[in-house]
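Residue numbering restarts at 1 for every chain, and letters A, B, ... go by the order of the sequence lines.
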Amino acid sequence: MRTHTCGELRADHLGKDVQLAGWIRFSRDHGGVLFFDLADAYGTTQVVFDPEAMSEKDDRESLERMLKSFGRESVISVAGKVRNRVPGTEDARNPTGQLEVLIERASLLNSSPPLPFEVADQKGSLLPSEDLRLRYRFLDLRRTQMANNLRFRHRLVAAARRALDAEDFVEVETPMLCRQTPEGARDFIVPSRIFPGTFYALPQSPQLYKQMLMVGGLDKYYQVARCFRDEDSRSDRQPEFTQLDVEMSFVEETDVQALTERVLASVWRSVYGKELVTPFPRITFYDAMHSYGTDAPDIRYDLRLQDVTDTVKAASYEIFQRVISKGGRVECMNVKAELMATTSNDETAVGRNEVDRLIEWAKGQGMGGLTWMRMTKDGLQSNIVKYFPREVTQALEAKMGAEEGDLLLFLAGSEIAALKAGGELRRKLAKDLHLLEGKDHQFVWLVGCPMFQKDSVSGQLEAFHHAFVKPVGGDIQEGEDVMCACGMSYDLVLDGSEIGSGSVRCHDPEVQRKVFKLLGMSDEKIEADFGYFLEALGYGAPPHGGIALGIDRLTAILLGCETIREVIAFPKNKKFQCLMDGSPAKVDEAKLSELQLLCLAGDEDTEE
RNA sequence: GCCCUGGUAGUGUAGCGGCCUAUCAUGAAGCCCUGUCGAGGCUUCGACUCGGGUUCAAAUCCCGACCAGGGCGCCA
């Protein structure tokens, strides 16, 4: 059907008879000479119909008529000779731009109606709305941007596979139909036909299976694993997503971290041809929360938070007083003058108007507002500085290292609210002040996470990561304050996004049982849901641990995409619908009957 | 469940109380053009998400619905 691809022809093909096949991206009719940009996955080649080069008049007329009828994105095959372009008309931007194929024969392989949106790259053409792109994803994927995204993702995954293979990891597939596990995210469930009224769940992750593989003596496992979680979507969340799932035996935290770094370094060499700086820096959960206001800090810029509660306590400023008296705290951030300097003049880019906008923004973040002070040569100044005794402002200047032109921003509230808003403020300022431009990617390990946290509503203990993390020290002692217990866990953070999470696991069934119990599970529940698992651990489970990296997020960050949907071939929309195939959709009554299911949703709930 | 943003020809947009019989680009259809490459020139086609309300007058203001996206909650 073709002798070459559309990206293949070079000078050494000159004079050869070739056959190409592809899509018509652009066509240009010069009232006699017809030009077509014929494109396929590998490139674009200009194919030309030149009437003066045709001998037989009849052939020429029928060929010309046919070629003129071809619309955009028609699929055609052309045969002809490769020749140099007319001198001066070469296209330096295209690798095949020195030459063209003179069409001698052509055939239409498939036609296309007018397109719902532009497939070809054009200067100044903006993307259509995303729902239209998802509805016609097959056309969207023809765009070079999407094609490049998928190819980059492939190279990344392939490099990771090669690296793991070289380290003797074994890729094992684990079931997609599994037992529903308690806790965690909402499951997608699948009814059993053979046992009506019972259900499988789709795996939220292969967690238990990979631990069982360790018990099974596999030693080193990995999988490019699809995971399913029925929780509301975000720009970096889809109901199904892909993890590079890894588990290894006889290891400690540092072994897994080092392996992860080696794999990523190998990926870097493969996709960028660059060395990745390892080991990655480590930051404790406590430091991350208190300096960056998040458990996924972006350490490429400073703007750290500092607790100034004790410093401002002495001020009569009522807003701070009220917060502090309720046990809250005041967080302060110093926005250095040089970060705000514009190139055009000496004025700072964050003037009073901008501060007012930040105050409005802070209110939108659920804060009461935002307090500011600007450092001048006469000390800190602002509309409310009169409520702050000189000793207090001087102490603030010293504590925050304030220099002339710096802007101090204060967030007051409960510890969690103030830190969280501070974290959001960092992100906002980094974006507004363009602090990330030209910055390399930066990985960081988040370590020292607690084992448990309390549910904000019920107060019930829940796992910080998941229920299988081994506590630091290997066990939880009698009478120990479990809220102070740390787990042997680690998150991998890239540019302010969590892209991986792992831990050393409880391999001792008694420790695991203790953790389950602390999480509020009854003996009966433990036995029913995890009996087989605890039993397995009891049969000589080796110490083991692992990690799972979010492939969608990693790829999206490296490509600079706003959402992971840009690196997924067929993503769901915000409501988990596939706009292309129309899923989810109703199934026949007969299917439901076979499963002995009754649908309670009325028509109004499910109709389009 | 909640909050925010946005819905104008096939696509991307302008207009944001009367100058709207709605701008521009792209597209589609047709014509012209023998070296372009987002070809060019000319002609034609094609739209205010829906339902209420305010007003002498609504694409424009208000309310509601629907659709899409971002976020909160949720995501061990």
Side-chain angles (χ1 to χ4, degrees), chain A residues 25-39 44-53 64 68 71-73 84-94 96-97 100 102 113-136 139 181-187 204-205 207-208 227-239 241 361 363-366 420 424 427 449 451-453 455-457 460-469 487 489 498 501 503 515-516 519-521 550 562-563 565 573-575 577 579 608:
Chain A
R25 277 294 124 79
F26 290 111
S27 57
R28 297 172 287 282
D29 177 353
H30 282 255
V33 185
L34 307 179
F35 299 92
F36 299 92
D37 291 342
L38 196 64
T44 305
T45 300
Q46 174 163 285
V47 298
V48 187
F49 169 78
D50 186 346
E52 288 181 356
E64 180 174 15
K68 278 186 169 171
R72 285 191 175 197
E73 296 302 314
N84 267 318
R85 293 196 186 183
V86 173
T89 66
E90 299 89 351
D91 183 1
R93 297 165 299 180
N94 188 341
T96 67
E100 62 192 11
L102 181 66
L115 302 166
F117 56 84
E118 297 290 318
V119 170
D121 294 311
Q122 289 190 63
K123 265 183 271 174
S125 75
L126 294 171
L127 281 178
S129 64
E130 197 176 3
D131 49 328
L132 200 71
R133 291 175 57 205
L134 293 178
R135 161 81 179 77
Y136 295 98
L139 291 178
T181 49
E183 297 189 83
R186 225 173 270 123
D187 290 302
Q204 294 181 24
S205 79
Q207 182 64 35
L208 289 167
C227 307
F228 304 86
R229 292 178 195 176
D230 189 4
E231 295 293 346
D232 287 350
S233 91
R234 290 287 185 278
S235 56
D236 62 354
R237 269 195 243 157
Q238 281 272 301
F241 59 98
W361 171 87
K363 286 177 181 167
Q365 292 293 309
K420 214 175 154 189
E424 290 303 320
R427 292 169 79 98
C449 289
M451 281 286 284
F452 303 103
Q453 60 191 349
D455 182 275
S456 52
V457 182
Q460 168 61 45
L461 221 54
E462 52 186 33
F464 190 87
H465 276 104
H466 58 51
F468 314 105
V469 177
S489 65
E498 185 200 310
S501 184
S503 66
V515 172
F516 284 149
L519 293 173
M521 295 168 64
E562 292 290 321
T563 87
R565 297 189 296 275
N573 71 0
K574 196 177 178 177
K575 289 180 180 165
Q577 299 161 303
L579 297 177
E608 288 291 301

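Paired runs in RNA chain B that reach 3 or more consecutive Watson-Crick or G-U pairs, where each pair keeps both distances under 3.5 Å, cover B:1-7 with B:66-72, B:10-12 with B:24-26, B:27-32 with B:40-45, B:49-53 with B:61-65.
Per the geometry, CZ belonging to A:F35 stands 16 Å off P belonging to B:C33, to the nearest Å. Atom pair A:L34:CG and B:G40:P shows a separation of 16 Å (rounding to whole Å applied). Taking atom CD of residue A:E52 and atom C1' of nucleotide B:G35, one finds them 11 Å apart after rounding to whole Å. Rounded to whole angstrom, the span from the CG atom of A:D37 across to the P atom of B:U36 amounts to 14 Å. Spacing between atom CZ of A:F36 and atom C1' of B:G35 amounts to 14 Å, rounded to whole angstrom units. One can place CZ of A:R135 at 15 Å from C1' of B:C67, the figure rounded to the nearest angstrom. Rounded to whole Å, the distance from OH on A:Y136 to P on B:G12 is 12 Å.
For the pair A:V33/A:V48, a side-chain contact is recorded, criterion being any heavy-atom separation below 4.5 Å from C-beta on. Within the 4.5 Å cutoff, the side chain of A:C449 has heavy atoms near those of the A:H465 side chain. Side-chain contact between A:D91 and A:Q46 is absent, with no heavy atoms from C-beta onward closer than 4.5 Å. The side-chain heavy atoms of A:L519 and A:F452, taken from C-beta on, include a pair separated by under 4.5 Å.
At a cut-off of 3.5 angstrom, counting only N and O atoms as typed in the model, there is no donor on one side facing an acceptor on the other between the side-chain of A:E90 and the base of B:G35. Judged by atom type and distance alone, A:R133 does not reach the base of B:U11 through any side-chain donor-acceptor pair under 3.5 Å.
With C1' as the reference atom, B:G17 and B:G73 are 40 Å apart, rounded to whole Å. Comparing B:C19 with B:U23, their C1' atoms sit 14 Å apart, to the nearest whole Å. Using C1' as the reference atom, B:U43 and B:G51 are 40 Å apart when rounded to the nearest Å. Going from the C1' atom of B:A59 to that of B:C42 covers 31 Å, rounded to whole Å. Comparing the C1' positions of B:A76 and B:C3 gives a spacing of 27 Å, expressed to the nearest Å.
Residue A:Q460 qualifies as enclosed at atom CD: its count of foreign heavy atoms under 6.0 Å is above 12. Atom CZ of A:R85 has more than 12 heavy atoms from other residues, nucleotides or ligands within 6.0 Å.
In this structure, CZ on A:F241 lies 4.5 Å from SG on A:C227, to the nearest 0.5 angstrom.
Across all strands, A:Q365 comes closer than 4.0 Å to no nucleic acid atom at all (heavy-atom distances).
Residues that satisfy the side chain to side chain donor-acceptor pair (under 3.5 Å) test with A:S129, not counting sequence neighbours, are A:D131. For A:R25, the salt bridge (Lys or Arg N to Asp or Glu O under 4.0 Å) criterion is met by A:E73, not counting sequence neighbours.
Of the possible donor and acceptor atoms, none in the side chain of A:N573 sits under 3.5 Å from a partner among the backbone N and O of A:L579.
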Worksheet item: Where along nucleotides 25-32 of chain B does protein come under 4.0 Å, by heavy atom, of base (B) or sugar-phosphate alone (S), with - for untouched nucleotides?
Response: -SSS----

Worksheet, complete the sentence: A correct 5'-to-3' footprint of nucleotides 68-75 of chain B, with B, S and - meaning base, sugar-phosphate only and no protein heavy atom under 4.0 Å, is SSBBBBBB

Distances for protein N or O near nucleotides 43-46 of chain B N or O, under 3.5 Å:
none

